[in-house]
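Working notes, structure below.
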Amino acid sequence: MKVSLQELRELFKPKLRPIQWEDSNNTLVLLDQSALPFQTTYVTLKDPEEVASAIKSMKVRGAPAIGITAAYGMVLALTSRNPNTLEEALRVLSNAKQVLDRARPTAVNLSWATSHMLNLSKEAIQDGKVRNVSELLVALKDEAGRIFQDELDAELQMGLYGAERLNDGDTVLTQCNAGGLATGTGLGTALAPVRVAHALGMKVSVIAPETRPWLQGSRLTVYELMADNIPVTLVTDTAVGLVMYRGMVQHVMVGADRILSDGHVFNKIGTFKEAVIAHELGIPFYVLAPVSTFDLKSRVEEVEIEERDPNEVRTVRGVPIAPERVKVYNPVFDVTPPRYITAIITEKGVIHPPFDKNVRKVVGR
Ligand SMILES: CSC[C@H]1O[C@H](OP(=O)(O)O)[C@H](O)[C@@H]1O
């Protein structure tokens, strides 16, 4: 499938724009993903506290989208606090990083983005590239925009690598939403191969599990794919075993929130069970993520798996489905060991086992 990145950029014009920077008034506008698909509403944010709240309440969610949003949260730290000196600006940025990093613990893209923006500021000041706060603000706005564009290019490249593994008529099982809403670009990671394949004229379809309790699958993945006229079938989370047993899917493609140097993958709760069933049935299981999702320092037992409000499980969109005071355990991510993963597709290349040797060769850090 010989298509250049430039040709793909021309071919793929995202319809969805979940994250918009408004330079005229230094605000960040987010499509409120907690209201989709029944309401299309936007929130306008003007400081890092509002950004952290939007991430925590999942108005914006998805590891890469959280990273891009946090990068703009660092820009908003300067525009909302108006520091007078570069020294004060660094203090403001350090505080903003602390506020933003606390919003959600598992997706490494968040802390990667805030660290990247803070370190870039320190280096630019130290190297004399910026001489005052105004120049630093321009540099940070440009960098946040670059992170956004790099993410889109990464997804186009991952989409091409993934589409090369698809054949006409294939069906891809996914998990949660790892599409254009989850990355903020309108394209996605796990959904990129299907979108690129479609753009290149292939007939591929998706089976999307609803993904309780937040329903990213039934509310967001279905919404995105139907908007692009890509065939999608919604199933319950409990149906994925039968779907694979009956040979209804040829590939499983999922996103990731954090990938370790040995190939352990943290992703939406329910991913692990899909991986084990796929492995048992000989169905290829691909993880797609940009290199900003890799954490080469942490060991699997050190990574915090976010637990959210028990009422997310006791109710569906506010409607009770369990006795009010039932005890609840609500982890929203799980971890898939490397032995269940066929390959990890990144924008820098496709990583095959043994991951403990090959991750660093590709991710290069
Ligand atoms: C490419 S998005 C990665 C990842 O983020 C989602 O989690 P959440 O909706 O809770 O932010 C899900 O795990 C996706 O696979």
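Note: hydrogens, waters and symmetry copies are ignored here, and every other heavy atom, side chains too, is used. Note that ligands are numbered from 1 as they come in the structure, with each ligand's atoms numbered from 1 the same way.
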Worked check of salt bridge (Lys or Arg N to Asp or Glu O under 4.0 Å) between Asp295 and Arg258 = CA-CA 6 Å; Asp295 167 3; Arg258 189 184 293 241; 2.7 Å; yes
Ligand 1 versus [X], non-hydrogen atoms closer than 4.0 Å: side chain, backbone, both, neither?
X: Pro64; value: side chain
X: Phe333; value: side chain
X: Gln175; value: neither
X: Asn177; value: backbone
X: Arg61; value: both

message = Would you say that more than 12 heavy atoms from the other residues, nucleotides or ligands in this model lie under 6.0 Å from the CZ of Arg9, or not?
response =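 Yes, CZ of Arg9 has more than 12 neighbouring heavy atoms, counting only those of other groups under 6.0 Å.
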message = Atom CD of residue position Gln6 - does it have more than 12 heavy atoms of other residues, nucleotides or ligands inside 6.0 Å?
response =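 Counting other residues, nucleotides and ligands, CD of Gln6 exceeds 12 neighbours.
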Are [X] and [Y] ion-paired here, with the side-chain N under 4.0 Å from a carboxylate O?
X: Asp150; Y: Arg146; answer: no
X: Arg104; Y: Glu304; answer: no
X: Lys141; Y: Glu143; answer: no

message = Considering both backbone and side-chain atoms of Ala178, is one of its nitrogen or oxygen atoms within less than 3.5 Å of a nitrogen or oxygen in ligand 1?
response =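 By distance alone, the answer is no.
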message = Any nitrogen or oxygen of Asp257 lying under 3.5 Å from a nitrogen or oxygen in ligand 1? Just yes or no.
response = yes
key: Close-contact set for ligand 1 against Arg104 heavy atoms, below 4.0 Å   =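 With Arg104 as reference, the close atoms of ligand 1 come out as 8 (P), 10 (O), 11 (O).
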query = Atoms of ligand 1 less than 4.0 Å from Gln216 heavy atoms?
reply =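 Listed by number with element: 8 (P), 9 (O), 10 (O).
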Taking only non-hydrogen atoms of [X], do any sit less than 4.0 angstrom from ligand 1?
X: Asn267; value: yes
X: Thr189; value: yes
X: Glu306; value: no

Criterion salt bridge (Lys or Arg N to Asp or Glu O under 4.0 Å) on Arg299 and Glu302, from CA distance to verdict = CA-CA 5 Å; Arg299 295 194 308 275; Glu302 294 171 331; 3.3 Å; yes
Quick one: look up the protein heavy atom nearest [atom] and list residue, atom name and how far away it is.
atom: atom 12 (C) of ligand 1; value: Cys176 SG, 3.4 Å
atom: atom 3 (C) of ligand 1; value: Ala256 O, 3.3 Å
atom: atom 2 (S) of ligand 1; value: Ala182 CB, 3.4 Å

inquiry  = Could you check, using the six-membered ring where one of them is a Trp, whether Phe148 and Tyr72 have ring centers closer than 6.0 angstrom?
reply    =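 Not under 6.0 Å, so no.
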key: Evaluation steps, side chain to side chain donor-acceptor pair (under 3.5 Å), between Asp101 and Ser111   = CA-CA 6 Å; Asp101 287 0; Ser111 57; 5.4 Å; no
key: Asn109 and Thr293 side chains, donor-acceptor separation under 3.5 Å   =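 Asn109 and Thr293 do have a side-chain donor-acceptor pair below 3.5 Å.
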